[in-house]
K.L.:
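Handing you a structure now.
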Amino acid sequence: MVESTKTKSRGWQGAVLKLLGADDYELTVTSNEKVTDEYIRLGFTGGGLLTDRPVHPTMWVRIWFENKHGKLHQRAYTLVDPDPSDDSFYLEFAIHDGAATRWALSAEPGDTISSTFMGSKFAIPEPAPKGWLIAGDAAALPALNSLLDAISASTDPSVPATVWFEYAHESDKALPLRLRDQDTINWVKRDRDGDALIEAVQGAAFDATGHFGWVALDMKATRAVSGSFKNDYKLGKTGVKAQAYWRANAPES
Ligand SMILES: Cc1cc2nc3c(=O)[nH]c(=O)nc-3n(C[C@H](O)[C@H](O)[C@H](O)COP(=O)(O)OP(=O)(O)OC[C@H]3O[C@@H](n4cnc5c(N)ncnc54)[C@H](O)[C@@H]3O)c2cc1C
């Protein structure tokens, strides 16, 4: 059983979120499951999160994990298959050496953890784009899947997506990607600093005017790929939604 983080201090980040009026929710673990050797899925109830907040694609929440120094730090995780009818959802964790992963690996049903909701916002553009250009990795898989589900439920579900998926482990290829028949996937093995994916995207550039780009990789690759979508693929500033999901070689805060 893992101790709840409810009573610990959240430092300046917590103070700022409180000032901004962010809402807190206590999440309770309901299930745990290994998807691959490098990826796990936990079930949760949201302590009111989904009764208060309308669901949107790629919706994420800030969770307060205790780091190696006993301090809380917030990390973002994406809701998988959120169900407002019973305030339940899953969170999926790409395993690496970090506080979030350590907590998730030992979490058991009944464990609780604190979360804050603020900053998550995304909607499928209208009118529907001609096609989607999507770049992500295992950390982005939950968001990427919710995006593909939302495209399927949109006004034009037949719009195709081209996906560049950066994988770090062979087992990542067994992850449950929700591709449809009309989608194309490019698997790119992560090299030392993520350059292979950047080169793969840049090397495939074409005039994709009218498409929409979505990018969630490490910080360096997110910047480079989103720049390539905007300029080489001619999507412009408003044709791309990009957010760095993690920072390579980051010291634990
Ligand atoms: C909006 C948003 C949604 C996200 N949703 C998810 C999600 O659903 N599932 C998910 O797994 N992640 C998700 N992430 C990424 C997750 O928040 C980060 O990976 C985070 O850094 C993990 O925190 P940590 O405490 O485990 O490690 P940290 O203390 O941040 O980092 C510890 C070490 O691990 C390395 N590291 C951190 N993340 C990764 C990674 N993904 N791969 C390889 N090495 C890494 C760092 O470089 C550092 O060396 C999301 C991020 C954002 C911004």
Side-chain angles (χ1 to χ4, degrees), residues 2 5 8 10-11 13 17 22 27 32-44 46 49 55-82 89-107 113-122 134-149 165-169 171-172 175-178 188-194 197 214-223 226 241-253:
V2 184
T5 51
K8 290 214 167 218
R10 295 175 180 180
Q13 290 181 326
L17 285 165
L27 314 183
N32 54 14
E33 181 192 345
K34 209 164 191 177
V35 178
T36 69
D37 286 351
E38 306 290 344
Y39 197 84
I40 59 172
R41 177 188 297 131
L42 303 181
F44 287 90
L49 173 64
V55 169
H56 60 265
T58 74
M59 183 170 177
W60 54 275
V61 65
R62 301 163 191 265
I63 304 184
W64 295 93
F65 298 101
E66 188 174 332
N67 68 13
K68 279 181 182 157
H69 314 291
K71 295 238 158 54
L72 290 184
H73 72 199
Q74 47 143 339
R75 292 292 183 266
Y77 278 82
T78 306
L79 308 191
V80 176
D81 295 335
F89 53 87
Y90 297 88
L91 296 179
E92 295 179 346
F93 296 78
I95 295 174
H96 55 266
D97 183 19
T101 307
R102 283 194 294 278
W103 179 85
L105 281 169
S106 57
I113 192 152
S114 301
S115 72
T116 300
F117 186 86
M118 174 153 277
S120 177
K121 192 178 170 200
F122 183 69
I134 297 174
D137 58 12
L141 179 70
L144 202 159
N145 277 338
S146 85
L147 190 58
L148 292 173
D149 287 352
F165 194 95
E166 184 187 60
Y167 67 98
H169 314 283
S171 62
D172 288 350
L175 290 173
L177 257 167
R178 299 182 186 175
V188 183
K189 172 91 176 153
R190 181 172 174 83
D191 59 6
R192 201 166 44 85
D193 47 11
L197 187 112
W214 186 90
V215 188
L217 295 156
D218 76 7
M219 195 174 280
K220 174 184 159 190
T222 299
R223 197 173 297 140
S226 118
K241 160 78 179 166
Q243 184 168 9
Y245 269 26
W246 57 284
R247 198 146 64 93
N249 309 314
E252 195 161 5
S253 57

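Every number for a ligand or one of its atoms is a count from 1 in the order of the listing. Side chains included, hydrogens not; waters and symmetry mates left out as well; all remaining heavy atoms used. Just so you know, these numbers come straight off a predicted model, no measurement behind them.
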K.L.:
Check each of A248, G98, A216, A139 against atom 12 (N) of ligand 1 and report the one with the nearest heavy atom.
P.N.:
A139
K.L.:
Take every heavy atom of Y77, measure it against each atom of ligand 1, and state whether any distance is under 4.0 Å.
P.N.:
yes
K.L.:
Quick one: look at P142 and ligand 1, take heavy-atom pairs under 4.0 Å, and tell me if it's side chain, backbone, both or neither.
P.N.:
side chain
K.L.:
Keeping the roles fixed (side chain from T101, backbone from D97), state whether a donor-acceptor pair exists under 3.5 Å.
P.N.:
no
K.L.:
For ligand 1, is any non-hydrogen atom under 4.0 Å from N249's backbone (N, CA, C, O), its side chain (CB onward), both, or neither?
P.N.:
backbone
K.L.:
Measure the distances from the heavy atoms of A168 to every atom of ligand 1 and state whether one is below 4.0 angstrom.
P.N.:
no
K.L.:
Backbone, side chain, both or neither: what part of Q243 comes under 4.0 angstrom of ligand 1, heavy atoms only?
P.N.:
side chain
K.L.:
Nearest heavy atom to atom 20 (C) of ligand 1 wins, so pick from R75, E166, R102, M219.
P.N.:
R75
K.L.:
Indicate yes or no: does an N/O atom of E92 lie under 3.5 Å from an N/O atom of ligand 1?
P.N.:
yes
K.L.:
Pairs of nitrogen or oxygen atoms closer than 3.5 Å, one from A100 and one from ligand 1: do any exist?
P.N.:
yes
K.L.:
Could you tell me whether ligand 1 has any atom less than 4.0 Å away from a heavy atom of H73?
P.N.:
yes
K.L.:
Does the N or O separation between A138 and ligand 1 drop below 3.5 Å for any pair?
P.N.:
no
K.L.:
Does a side chain donor of either W64 or S115 reach within less than 3.5 Å of an acceptor in the other side chain?
P.N.:
no
K.L.:
Answer with side chain, backbone, both or neither: which part of D97 has a heavy atom less than 4.0 angstrom from an atom of ligand 1?
P.N.:
backbone
